Amino acid sequence: MKILVTGGAGYIASHTNLELLNAGYDVVIVDNLSNSSMESVKRVEKLTGRKIAFYEVDILDKESLRQIFEKEKIDSVIHFAGLKAVGESCLKPLNYFRNNLSGTIVLLEVMQEFAVKSLVFSSSATVYGDPAKVPVTEDMPLSVTNPYGRTKLMIEDILQDLYRSDATWNIAILRYFNPIGAHESGEIGEDPSGIPNNLVPYVAKVAIGELEKINVNGDDYDTPDGTGIRDYIHVVDLALGHIKAIEKLTDHPGLVIYNLGTGIGYSVFDIIHNYEKACNKKLPYTVVARRPGDIAVSYADASKAYQELGWKAERGIDKMCEDSYRWQSKYPKGYSK
Ligand code: NAD
Ligand code: UFG
């Protein structure tokens with residue numbers, strides 16, 4: 001079975017590709033390399049001993065996408081391609097609407113044209129806004145606070161409308177909580193450009209001495225230690241969730257939505273302390289102001305994915321931090337030489 005992976009050179013996709021190839025799927029990547037490098041693709045090929053068909057193409061380029069569908073005989077699509085920085089999306093909302101929304105529409109049009117109607121979409125826990133209760137279930141009300149989140153919610157709505165118009169589509173919307181960590185080989189991992197926005201990539205750079213200290217964004221939230229609580233999930237567990245979703249789509253389920261999280265919330269201080277264990281050193285931090293738009297607590301009820309996909313996250317916070325540190329210390333500069 002041949003899977004087209006959009007954004008396939010990126011962080012979550014590279015781990016997913018590795019699991020797809022190990023499970024016997026063929027992988028075709030479309031990526032414009034706007035936030036990634038070919039090196040991740042080469043490493044996945046090396047780790048698996050399998051070849052990947054790679055196209056450096058923007059998903060907005062309809063004619064090139066058509067040619068790929070013509071040539072490759074795609075069975076199913078996993079759609080990761082998108083811009084994902086919340087802060088940047090507030091400064092450049094049109095870039096986000098054009099890239100994420102228009103890109104998805106072009107992809108769906110080409111899929112429809114070639115009668116490929118099986119899609120896994122990367123959504124996000126951000127669509128729950130500031131959840132009224134935790135753990136968060138899939139049927140809770142949705143709302144967003146920034147343009148990035150709005151693109152995810154709008155795409156979810158587009159997919160619902162598409163399915164209502166034609167029930168021969170099979171669509172899995174996966175709402176990821178906070179993916180962290182790396183493959184245990186240390187050969188692939190997250191490689192953010194510039195100073196990381198997200199907590200764990202930032203902590204990783206403090207651990208290798210590239211950044212001086214962690215900025216804890218507020219210790220006055222209504223949580224046990226005052227810092228924000230999130231549901232961190234090992235990227236390999238997340239990747240395996242995509243394999244289960246692809247399997248589900250072959251049963252023709254219609255449109256399905258799953259939270260992919262562990263169901264456990266950890267605070268910023270929990271993360272720092274677990275990372276200290278992984279790297280075996282004290283990590284300096286300072287408490288700074290809250291980050292605008294942040295919420296106090298979010299973690300998943302992931303029982304629907306367990307009941308319907310037979311999937312649950314297996315890797316704990318210690319493994320997430322150990323694998324993150326292995327990748328970061330083996331490749332302090334990420335994929336660049
Ligand atoms: P990433 O930036 O590493 O991967 C995205 C990939 O898409 C990159 O390789 C980039 O070059 C590519 N891309 C972007 N626009 C493109 C376009 N127009 N045409 C072709 N390729 C394009 O990000 P990631 O963390 O691996 O995230 C993957 C997906 O999961 C994204 O859709 C993201 O919004 C979503 N998601 C991520 C998180 C997270 O915390 N990392 C959480 C929830 C959801
Ligand atoms: N934090 C710090 N210091 C930092 C960075 C973050 O204290 O330098 C805190 C935040 O305030 C928050 C927690 O660490 O309490 C996690 O922050 P992240 O930036 O790592 O993650 P978010 O939950 O804010 O957002 C991430 C992605 C979103 C996605 C969301 C849910 O950035 O795109 O997870 O999947 F929508």
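Atoms within each ligand, like the ligands themselves, are counted from 1 in listed order. Everything quoted here is computed from the prediction, not taken from an experiment.
Residue G10 has at least one heavy-atom neighbour below 4.0 Å for each of these atoms of ligand 1: 3 (O), 4 (O), 9 (O). Remark: ligand 1 atoms within the under-4.0 Å shell around heavy atoms of S122 are 29 (C), 30 (O), 32 (O), 35 (C). With ligand atoms numbered from 1 in the order given, ligand 1 contributes 33 (C), 34 (O), 35 (C), 36 (N), 44 (C) to contacts under 4.0 Å with heavy atoms of Y148. Close approach of ligand 2 to N215 is summarised as follows: ligand atoms under 4.0 Å from at least one heavy atom of the residue are 2 (C), 3 (N), 4 (C), 7 (O), 8 (O). Every atom of ligand 1 is numbered from 1 in the order shown, and the set under 4.0 Å from a heavy atom of S34 is 10 (C), 11 (O), 13 (N), 14 (C), 15 (N).
Heavy-atom distances between D191 and ligand 1 stay at or above 4.0 Å for every pair. Distances shorter than 4.0 angstrom do not occur between any heavy atom of L60 and any atom of ligand 1. The closest approach between any non-hydrogen atom of P179 and ligand 1 is below 4.0 Å. Ligand 2 is never approached by Y285 to a heavy-atom distance shorter than 4.0 Å. Note on ligand 2: Y148 sits in its first shell, one or more heavy atoms being nearer than 4.0 Å. For the ligand labelled ligand 1, residue S123 lies inside the 4.0 Å heavy-atom shell.
Contacts between N99 and ligand 1, counted as non-hydrogen atom pairs separated by less than 4.0 Å, involve the side chain only. Contact annotation for T6 and ligand 1: no heavy atom of the residue comes within less than 4.0 Å of the ligand. Of the heavy atoms in E190, none comes closer than 4.0 Å to ligand 1. With a 4.0 Å heavy-atom cut-off, ligand 1 is reached by no atom of N178.
A ring-centre distance under 6.0 Å is found for Y285 and F269.
In summary, the side chains of S76 and S118 do present a donor paired with an acceptor at a separation below 3.5 Å, with no hydrogens or angles considered. For the residue pair T227 and D219, no side-chain donor N or O sits within less than 3.5 Å of a side-chain acceptor on the partner. No donor-acceptor contact under 3.5 angstrom links the side chains of D301 and T137, judged on distance only.
Some N or O of Y176 is nearer than 3.5 Å to an N or O of ligand 2, by distance alone. The shortest N or O to N or O distance between A81 and ligand 1 is not below 3.5 Å. Considering backbone and side-chain N/O atoms, S124 never comes within less than 3.5 Å of an N/O atom of ligand 1. Note: no N/O pair closer than 3.5 Å links Y176 and ligand 1 by distance alone. Taking only nitrogen or oxygen atoms, main chain and side chain alike, F80 reaches within less than 3.5 Å of ligand 1. For a threshold of 3.5 Å applied to N or O pairs, the pair formed by P179 and ligand 2 contains no separation below that value. The shortest N or O to N or O distance between T126 and ligand 2 is not below 3.5 Å. In terms of polar-atom proximity, I12 is counted as a contact of ligand 1, with an N or O under 3.5 Å from an N or O of the ligand. Note: an N/O pair closer than 3.5 Å links N32 and ligand 1 by distance alone.
Checking Y299, Y176, Y128 one by one against N259, the side chain to side chain donor-acceptor pair (under 3.5 Å) holds for a single residue, Y128.
The residue from L199, I214, I295, N217 that puts a heavy atom closest to atom 7 (O) of ligand 2 is N217.
At the top of the distance list for atom 19 (N) of ligand 1, counting protein heavy atoms only, stands I59 N, 3.0 Å. With hydrogens left out, the protein atom closest to atom 31 (C) of ligand 2 is S124 OG, 3.6 Å, a heavy atom.
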Passes salt bridge (Lys or Arg N to Asp or Glu O under 4.0 Å), E187 versus K46? Steps please.
-> CA-CA 10 Å; E187 289 299 310; K46 202 163 167 211; 6.0 Å; no
